[in-house]
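Shown next, in structure tokens, is the structure this report addresses.
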Number of protein chains: 2
Amino acid sequence: MDSLGETIRKLREEKELPLRTVAAFLDIDQAILSKIERGQRNASREQVIKLAEFFKIKETDMLVSWLSDKLVYEVADEDVALKALQVAEEKVKYNKTKRK
Amino acid sequence: MDSLGETIRKLREEKELPLRTVAAFLDIDQAILSKIERGQRNASREQVIKLAEFFKIKETDMLVSWLSDKLVYEVADEDVALKALQVAEEKVKYNKTKRK
DNA sequence: TTCTATTTTGAATGATTTTGTCAAAAATAC
DNA sequence: GTATTTTTGACAAAATCATTCAAAATAGAA
């Protein structure tokens, strides 16, 4: 149940790379990457895609991890978090059938 | 599968009230309420709570409707929308058990 | 149709949030 | 100890979001 940040930190440490190297590939300051890894900042969609490329992870897997993190953040400290997620699922399913 | 906006519009029209009346209760411009009802703007948490009070709807029900709308908006036009919602659910459940 | 009330729209403004840069401090490795 | 890496926070720029306001559009009544 890792967040995107935890995932990429593990990947980076496995390869024993400094923040600098990955940050350079993403074309961002290493401070930002540090914050992303530790969940203090959100990665952008483009950054997620580049991270998938860099670490050779399936792009959709990365995107799911990233999007779900954002959703968790959005419902954090709401009592109705779970219920809202379930209703949102229903709505998305419903919209899919509705859309011609 | 109504959005919050559709719900409160129906409630308001049932009672045959103008935007003005409800907007006054919420202490906002009627233009904003019009946009909220039509999904062009997001209501704030406080506005949702006042709406529940005004229409005598259970507050948590209103909050679920509102939060789930926001979630749907967040994942809109992502292919991985459903998957992300499901993973987010897992994460929320997991965090619940983890938190002492 | 005209008159009136209501609703919607969009431009302008302000506030808030996000995003990134930078340098110094802290931590870690050597 | 020094060197390297990581973290932190202050700051600025950019983007996003909320709100106000007035005019335009719509709907309903007479």
Side-chain angles (χ1 to χ4, degrees), chain A residues 2-52 54-55 62-63 65-78 84, chain B residues 2-52 54-55 62-63 65-78 84:
Chain A
D2 279 356
S3 67
L4 175 71
E6 291 166 338
T7 302
I8 63 176
R9 167 144 298 189
K10 283 178 183 170
L11 286 167
R12 184 174 64 78
E13 291 180 339
E14 268 174 27
K15 307 196 186 220
E16 300 187 9
L17 297 172
L19 287 168
R20 183 169 24 88
T21 307
V22 183
F25 184 83
L26 300 186
D27 194 29
I28 58 174
D29 194 286
Q30 61 171 20
I32 298 177
L33 184 55
S34 168
K35 286 166 186 168
I36 289 173
E37 286 190 347
R38 294 164 48 268
Q40 288 185 4
R41 282 285 169 88
N42 235 92
S44 72
R45 204 171 188 288
E46 289 65 39
Q47 288 161 354
V48 173
I49 290 171
K50 282 199 176 182
L51 283 167
F54 185 88
F55 289 116
M62 262 321 198
L63 286 172
S65 174
W66 165 73
L67 239 201
S68 62
D69 273 4
K70 292 212 296 179
L71 295 175
V72 169
Y73 179 80
E74 179 118 27
V75 300
D77 44 71
E78 285 284 354
Chain B
D2 278 356
S3 67
L4 176 71
E6 290 166 340
T7 303
I8 64 176
R9 166 143 299 188
K10 282 178 183 170
L11 286 166
R12 183 174 63 79
E13 290 181 339
E14 268 175 26
K15 306 195 190 236
E16 298 186 9
L17 297 171
L19 287 168
R20 184 170 23 89
T21 307
V22 182
F25 184 83
L26 301 185
D27 195 27
I28 58 174
D29 193 286
Q30 62 170 20
I32 299 177
L33 184 56
S34 169
K35 286 166 186 168
I36 289 173
E37 286 189 347
R38 297 168 46 269
Q40 289 185 2
R41 281 275 184 292
N42 235 87
S44 72
R45 205 173 188 288
E46 290 64 41
Q47 288 161 355
V48 173
I49 290 172
K50 282 199 174 180
L51 283 167
F54 186 88
F55 288 117
M62 269 306 204
L63 286 172
S65 175
W66 165 73
L67 238 201
S68 61
D69 274 3
K70 291 212 296 178
L71 295 175
V72 169
Y73 179 79
E74 180 118 27
V75 300
D77 45 70
E78 285 284 355

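We name chains A, B, ... by the order of the sequence lines, and we start the count at 1 in each one. Since this is a predicted model, take the numbers as computed values, not measurements.
- Closest to the side chain of B:Arg41, from the set C:dT8, D:dT6, D:dT19, is D:dT19.
- Not a single donor-acceptor pair under 3.5 Å links the side chain of B:Glu78 to the backbone N or O of B:Val75.
- The shortest distance between the side-chain N/O atoms of B:Arg9 and the OP1/OP2 oxygens of C:dT8 is below 4.0 Å.
- Taking atom CZ on A:Arg20 and atom P on C:dA29, their separation rounds to 16 Å, with Å as the unit.
- Both B:Leu17 and A:Ala43 sit near DNA chain C, but only B:Leu17 has its closest nucleotide nearer the 5' end.
- Contact between B:Leu33 and B:Ala23 at its shortest, heavy atoms only, is CD2-N, 3.6 Å.
- Closest to the B:Pro18 side chain, of the nucleotides D:dC21, C:dG20, C:dT6, is C:dT6.
- Here D:dT20 is the nucleotide among C:dG20, D:dT20, D:dA18 with the atom lying nearest to any side-chain atom of B:Ala31.
- Between the CD atom of A:Glu13 and the P atom of C:dT28 there is a distance of 11 Å, rounded to whole Å.
- The CD1-P distance, from A:Ile32 to C:dG20, rounds to 4 Å in whole Å.
- Heavy-atom minimum distance, A:Arg12 versus A:Leu17: NH1-O, 2.7 Å.
- Rounded to whole angstrom, the span from the CD atom of B:Gln40 across to the P atom of C:dT8 amounts to 9 Å.
- The side chain of A:Lys35 lies closest to D:dG9 when the candidates are D:dG9, D:dT7, D:dT4.
- B:Arg12 has no side-chain polar atom (N or O) that falls below the 4.0 Å cut-off from OP1 or OP2 of C:dT6.
- When the C1' atom of D:dT20 is taken as reference, atom CD1 of B:Ile36 falls 14 Å away, rounded to whole Å.
- If you measure from atom CG of B:Leu19 to atom C1' of C:dT8, you get 9 Å, rounded to the nearest angstrom.
- Ranking C:dT19, C:dT7, D:dT6 by closeness to the A:Ser34 side chain, first place goes to D:dT6.
- Nearest heavy atom pair, residue A:Gln47 against residue A:Ala43, reads OE1-CA, 3.4 Å.
- When rounded to the nearest whole Å, the span between CD of A:Glu74 and C1' of C:dT18 equals 15 Å.
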Q: Report the C-alpha distance between A:Phe54 and A:Leu11 in whole Å, list the side-chain angles of each, state the deciding distance to 0.1 Å, and finish with yes or no for side-chain contact (heavy atoms from CB on, under 4.5 Å).
A: CA-CA 10 Å; A:Phe54 185 88; A:Leu11 286 167; over 6 Å; no

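- Counting to the nearest Å, the C1' atom of D:dT19 and the CG atom of B:Asn42 are 15 Å from each other.
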